[in-house]
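Have a look at the structure below before the remarks.
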Amino acid sequence: MVNDQQHDLTEEFEEKEELHELLAVRREKLQALLDSGIDPFGEKFERTHTAKEILEHFEELEEQNATISGRLMSMRTHGKASFADLMDHSGRIQLYFRVNTLGEKNYELLQKIDIGDIVGITGRIFRTRRGEISVEVLELKILSKSLRPLPEKWHGLKDVDLRYRQRYVDLIVNPNVREVFETRSKIIQIMRNFLADRGYIEVETPMLHTIAGGATARPFTTHHNALDMDLYLRIAPELYLKRLLVGGFDRVFEMGKMFRNEGISTKHNPEFTMCELYMAYGDASDMMKITEDIYAHIANELFGTTKITFQGQEIDLAPPWPRKPLLDAIKEYSGIDLKGLNDAQARQIAKEKNIEVEENASYANVVDEFFDAFVEPKLVQPIFIVDHPVEVSPLAKRKKDDPLLTDRFEPFIVTWEVANGFTELNDPIDQKGRFSDQVAQREKGDDEAHMMDDDYITALEYGMPPAGGLGLGIDRMVMLFTDSPSIRDVLLFPHMRPRS
RNA sequence: GAGCCAUUAGCUCAGUCGGUAGAGCACCGGACUUUUAAUCCGGGUGUCCCGCGUUCGAGUCGCGGAUGGCUCACCA
């Protein structure tokens, strides 16, 4: 094994002149290790403790031996003694090397070690004169030689472009980044437990769709070679999950990636994570309850309180959140009552208020524009906006007392729409009509309008129980709980253009 | 897609009026057996994002392009 590596290295060394000095130096040390019969890329290594365990249980562990492993993050050499910081997943701890305890030969090995190398050590736990809990190294093993220098030790890696493209480096040198993703993992775990505790079953439905349904969005297309057919990456799992309600599942949820072929911004990534859940024999009010309960529960689990701070603003997630009809909200914030207008009247009012809408904008389009302009920027504390027009809610059930509105809601926090839910439309005849309207929109050139899904209609014809449904944007939820202003801060590998 | 801004050493950043580039960390050599942003002595390691232009001369000025950030648009 060692011989094979040696062979490869000598070949590589012939091109060595082209390597930057910093890289060449490390390759030379690597070669020196190989020459002295040391495998620079180690093997399985069993530790007895983590850095954090030693720091937290020092009283009991003092003067005992521990075996730990991790990456060397800094080195302070003092001739015949040296200090280093070892970082593992739990934290950092100081190592102390001394020629007396290690022996001349082993101490010399330090010459071939660099910041960034991954090592395993066994040593004695003690406290230095200055009071720092440390491990005096008795045995040292190189587990992986690092061939590239790490970014600077106290400014870290700041270049945003590099941080995203080389997230692995970002994670090594910026500990707060790891914390964000640990919190992300916790949030998802809490959600799964929360839903499981309430009888929701986690399911997986296709990501490759022949019809991109369940949301108003442009899909990505892909191609299946063997079947020679184009497929869409899913924009939502909704229509599959509701087929499961038809099939007799009472409560289901799916958490996973959605793909939308749209712009990229601080709040949008082409692939993002959503959790959709459906409750048979329930309705929108149940879904609003579960939304506010989930948010409050996560806040309590993470911070022990429902009060959180986002970018300096205090947000109180304690339920119940207010419910406000969309048209009432518009009236309240803009002073304009759009209730009961037709398309032309709505466009006229938009013109008067300098709200730009398209030539043939519908009443619903105008409502949307007014909402975005006057209402959305004001919705900082959690609130449910309810009762959306039927034209923009093709899968939601109409309100009993107003068939032009639907029993739908969208919760807003810090001006972001963080979820979307409604009482599900289970009338196949109405649903078919709604799809037909969407198809007509499509033919007029709206490539975000829904497509006809005949099989879904067939499913509804077998009978779907009345139900409430909800889609929670997980990325935005994580942004809120980690105080991250950009979605890229909560995605390990946000989408980037390739570098030429 | 549009506007504004950024891009200089491995990293974080300076760079004046247009005159052939500089600091700290890292790295290399030396000293140092409890340091911790270790210290002390010595060493600058570069496609100034790319291309074209203006100029005797461009990191610096102009035009075009690339990538990124922010804002807007699009979009839930």
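Below, chain A is the first sequence line, B the second, and so on; all start at residue 1.
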In whole angstrom, give me the gap between the P atoms of B/G22 and B/U45. 10 Å
Any idea which of B/C74, B/G69, B/U34 is nearest the A/Y164 side chain? B/G69
Quantified in whole Å, what is the C1' atom distance between nucleotide B/C63 and nucleotide B/U55? 16 Å
Between B/A26, B/U35, B/C28, which nucleotide has the shortest distance from any of its atoms to the side chain of A/K29? B/C28
What nucleotide, of B/U45, B/C75, B/U35, holds the atom closest to the side chain of A/E21? B/U45
Paired with B/C61: which nucleotide, if any, by Watson-Crick or G-U wobble criteria at under 3.5 Å for both distances? B/G53
How are the rings of A/F83 and A/Y96 set relative to one another: parallel (under 30°), tilted (30 to 60°) or perpendicular (over 60°)? parallel
C1' atoms of B/G65 and B/C25, separation to the nearest Å: 34 Å
Among the nucleotides B/C28, B/U36, B/A26, whichever has the atom closest to the side chain of A/P149 is B/A26
Starting the side chain at C-beta, find the nucleotide from B/C75, B/C11, B/C28 nearest to A/L157. B/C11
Using ring-ring contact (aromatic ring centres under 6.0 Å, His included), reason through A/W416 and A/F310 one step at a time and then give a plain yes or no. CA-CA 12 Å; A/W416 306 336; A/F310 183 80; 5.0 Å; yes
Does the side chain of A/R476 come within less than 4.5 Å of A/L480's, by heavy atoms? no
Now, which nucleotide makes the Watson-Crick or G-U wobble pair with B/A6, with each of the two distances under 3.5 Å? B/U67
Mind checking if A/R127 touches a base, just sugar-phosphate, or nothing, with heavy atoms under 4.0 Å? nothing
I'd like to know if A/Q94 reaches the base of B/U35 with its side chain, counting only an N/O donor and acceptor under 3.5 Å. yes
Consider the side chain of A/E152, meaning its heavy atoms from C-beta on, and name the nucleotide among B/C11, B/U35, B/C27 that approaches it most closely. B/C11
If we take the C1' atom in both B/G18 and B/G3, what is their distance in whole Å? 29 Å
Just compare B/C75, B/U35, B/A26 and give me whichever is closest to any side-chain atom of A/E262. B/C75
Pairwise P distance for B/G1 and B/U60, with rounding to whole Å: 27 Å
Taking atom types as they are modelled, is there a donor-acceptor pair under 3.5 Å from the base of B/C75 to the side chain of A/H268? yes
State whether the number of non-hydrogen atoms from other residues, nucleotides or ligands found under 6.0 Å of A/F412 atom CZ is greater than 12. yes
Considering non-hydrogen atoms only, spot the tightest contact between A/E292 and A/F384 and give its length. OE1-CE1, 3.4 Å
Taking only the P atom of each, what is the distance from B/C52 to B/G68 in whole angstrom? 24 Å
Below 3.5 Å between N/O atoms, which protein atoms pair up with nucleotides 70-72 of chain B? Just atom names and distances, please.
| residue | atom | partner | partner atom | Å |
| --- | --- | --- | --- | --- |
| B/C70 | OP2 | A/R488 | NH1 | 3.3 |

Taking B/U8 as the reference, what is the distance to B/G44 when you measure between their C1' atoms (whole Å, please)? 14 Å
Could you tell me which nucleotide pairs with B/A21 by Watson-Crick or G-U wobble geometry, both distances under 3.5 Å, or answer none if nothing does? none
Hunt down the Watson-Crick or G-U wobble partner of B/A73, both distances under 3.5 Å, from any strand shown, or write none. none
Mate of B/C27 where both pairing distances stay under 3.5 Å, Watson-Crick or G-U: B/G43
